[in-house]
Amino acid sequence: MRLTILGGGGFRVPLVHRALLDDARRDAPGRCTELVLYDTDSTRARVIASVLAAQAAGVPGAPAVRIADDLDQALRGTDFVFSAIRVGGTAGRVMDERIPLSEGVLGQETVGAGGVLYGLRTVLVALDIAERVAAAAPDAWVINFTNPAGMVTEAMSAVLGDRVIGICDSPVGLVRRATRAVGADPDRVTFDYVGLNHLGWLRTLEMDGRDLLPGLLADEQALDSFEEGKLFGADWLRALGALPNEYLHYYYFRRETLRSVREAAKTRGEFLDQQQSGFFEEAAAAPHRSHELWERTRLQREVTYMAESRAASGGWQRDTCDLDGGGYDRVALTLMRAVAGDEGARLILNVHNGTTVPALAPEAVIETVCVVDAKGARPLPCAPLREDQLGLMLQLKAVERAAIQAAVHEDRDAALRALALHPLVDSPAVAARILARAQGTKPVATVG
């Protein structure tokens, strides 16, 4: 089986490769035998390839790794495409975060005005990729990692239909931590999770026909044992009656998080821009140390993840069991195996809504529990959403669809609507200023 990664010079690619090596060690049926990397930055691709070579040393049956020279070459003959691009690079993220902050509103990578700006810059590139996949590899499945994942997946689905599926590691991390907190067997739990990408809720956690979530919400000590419990606090979680995705902290605690972000010496984008630039420079100069340098940089990245939100909720360190960096890579490979092997796996994915949430259009992409087999991913029925949950979903879906319209049709009114209607942007005048500044400082678009 051949797997192609677009954005193959991305820092987190070795995590996917690490999961592929686990399959090789087990001689798993249908495992990946060839991994193709494509990136517009050839230096980054070579550095990542050197990290992968070090990881694969001594592993029998490790997939062959090849760097493709052009996109069509990377796509031809592939079975699966992982799209993990960052249009504009980390420099683009820095602008996405700093421009809104200069107007006093949150500028996070996928949330708030920053997420809208990132989407406006990314959608057309993602659509071009979708069209190239449809032409060069019409039978391939596209697994979209590219943020904002829900928006980008919905845009690509206009070309690829159900053959593009979006993934994220936040929901599976939430389920894993909640399951650990109640002492349940992760292989026996089922759950109800629904929302949009970076905007969802875990609403049941069942084992042997019994919902364990009410007991968890009533147990303050258990809630304080994992990240989301500490992030949101027992009182608020009990009031919600659900466990929110960690990114909802930006909505529920907007003032506290904004204050923390503005007080930080660097934005997350600035930190990652400097960190990754340093890593790639060092690793290019000393390829024999690339894996050691990558592992050191990866751990620092994980330790500092969502640092401002943790500071806004009292200040605490991440648990060591959450620092291995795994998550989205496991979801992606489980999805790939389920499609290739017709397994009927259950995963939380970004897919067409269908009739799952009746208030949303069938073609709208939502994030929910799906069954995955050779036909792809299909959302399972879920309980009705509460009004507060549905209200946020409807508003954010309107933002996403306006951003797609703006990018596709170069529609300034739609772009202004996408920014101004976002609940974390409180003024059309502010939205107009953010849009004007962003349009005057466009970074170079890249696939990688």
Side-chain angles (χ1 to χ4, degrees), residues 1-28 30-69 73-74 78-86 89-90 143 145 169 271-305 318 320-334 336-337 446-448:
M1 181 187 298
R2 181 184 297 173
L3 166 63
T4 295
I5 300 182
L6 307 183
F11 183 80
R12 295 204 291 179
V13 167
L15 296 174
V16 175
H17 182 252
R18 190 170 70 183
L20 294 175
L21 293 179
D22 289 341
D23 277 0
R25 292 185 183 96
R26 295 186 294 107
D27 195 21
R31 62 186 176 81
C32 176
T33 55
E34 183 182 12
L35 177 63
V36 179
L37 307 180
Y38 174 71
D39 200 291
T40 54
D41 188 326
S42 59
T43 299
R44 286 173 61 111
R46 287 194 300 270
V47 166
I48 292 301
S50 70
V51 175
L52 306 192
Q55 281 193 156
V59 179
V65 176
R66 173 169 63 88
I67 298 175
D69 294 327
Q73 181 192 89
T78 198
D79 299 292
F80 289 89
V81 178
F82 288 0
S83 181
I85 67 172
R86 179 174 289 281
T90 51
I143 301 175
F145 296 68
D169 57 353
F271 168 79
L272 291 176
D273 185 49
Q274 294 175 20
Q275 185 202 50
Q276 290 192 21
S277 295
F279 160 71
F280 281 106
E281 184 177 339
E282 280 189 80
H288 62 286
R289 296 184 58 222
S290 60
H291 186 266
E292 167 202 341
L293 295 168
W294 176 82
E295 184 60 40
R296 183 188 71 190
T297 307
R298 181 202 65 77
L299 182 59
Q300 186 184 29
R301 176 189 177 116
E302 294 298 333
V303 166
T304 56
Y305 176 67
R318 300 192 73 195
T320 54
C321 55
D322 291 315
L323 298 179
D324 66 359
Y328 85 114
D329 49 303
R330 296 191 202 118
V331 177
L333 294 194
T334 302
M336 189 170 73
R337 284 194 294 264
T446 61
V447 179

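In what follows, residues are counted from 1 in the order of the sequence shown. Basis for what follows: all heavy atoms, side chains included, without hydrogens, waters or symmetry-related copies.
The two residues D39 and A45 make their nearest non-hydrogen contact at CB-CB, 4.1 Å. Scanning all heavy atoms of the two residues, the minimum distance from A24 to V59 falls at CB-CG1, 4.2 Å. When all heavy atoms of A62 and L21 are compared, the closest pair comes out as CB-CD2, 3.6 Å. A pairwise comparison of heavy atoms in R86 and T90 identifies CD-N, 3.7 Å as the closest pair. Shown here for I85 and G7, the closest heavy-atom pair between the two residues is CG2-N, 4.2 Å. Of all heavy-atom pairs between F82 and A332, the closest is CZ-CB, 3.7 Å.
By the 4.5 Å heavy-atom criterion applied to side chains, V16 and L35 are not counted as neighbours. Side-chain contact between T297 and Q276 is absent, with no heavy-atom pair separated by less than 4.5 Å. Taking 4.5 Å as the limit, some side-chain heavy atom of I143 sits within range of a side-chain heavy atom of F80.
Under the side chain to side chain contact (heavy atoms under 4.5 Å, CB included) criterion, T78 pairs with R2, T4, V81, A137, A140, sequence neighbours left out. Listed by chain and number, the residues in a side chain to side chain contact (heavy atoms under 4.5 Å, CB included) with Q300 are F271, Q275 (sequence neighbours excluded).
Going from atom OG of S290 over to atom CD of E295 covers 12.0 Å, rounded to the nearest 0.5 Å. Atoms CZ and CD, on R66 and E34 in that order, are 4.5 Å from each other to the nearest 0.5 Å. The CZ atom of R31 sits 10.5 Å away from the CZ atom of R26 when rounded to the nearest 0.5 Å. To the nearest 0.5 Å, atom CG of residue L293 and atom CZ of residue R298 are 13.5 Å apart. Separating the CG atom in L37 from the CG atom in L3 is a distance of 9.0 Å, to the nearest 0.5 Å. Atom-to-atom distance recorded for L333:CG and D22:CG is 9.0 Å, nearest 0.5 angstrom.
Ring geometry for F279 versus F11: interplanar angle over 60°, hence perpendicular rather than tilted (30 to 60°).
Remark: side-chain polar atoms of Q55 are not paired, donor with acceptor, to backbone N or O of H17 under 3.5 angstrom. Put simply, the side chain of S50 gets close to the backbone of V47: a donor and an acceptor are under 3.5 Å apart. For T33 (side chain) and P63 (main-chain N/O), no donor-acceptor pair under 3.5 Å exists by modelled atom type.
Taking a 6.0 Å sphere around CD of Q73, one finds it holds more than 12 heavy atoms contributed by other residues, nucleotides or ligands.
Applying salt bridge (charged side-chain N to carboxylate O under 4.0 Å, His left out) to D23 and the options R18, R330, R337 leaves one that passes, R337.
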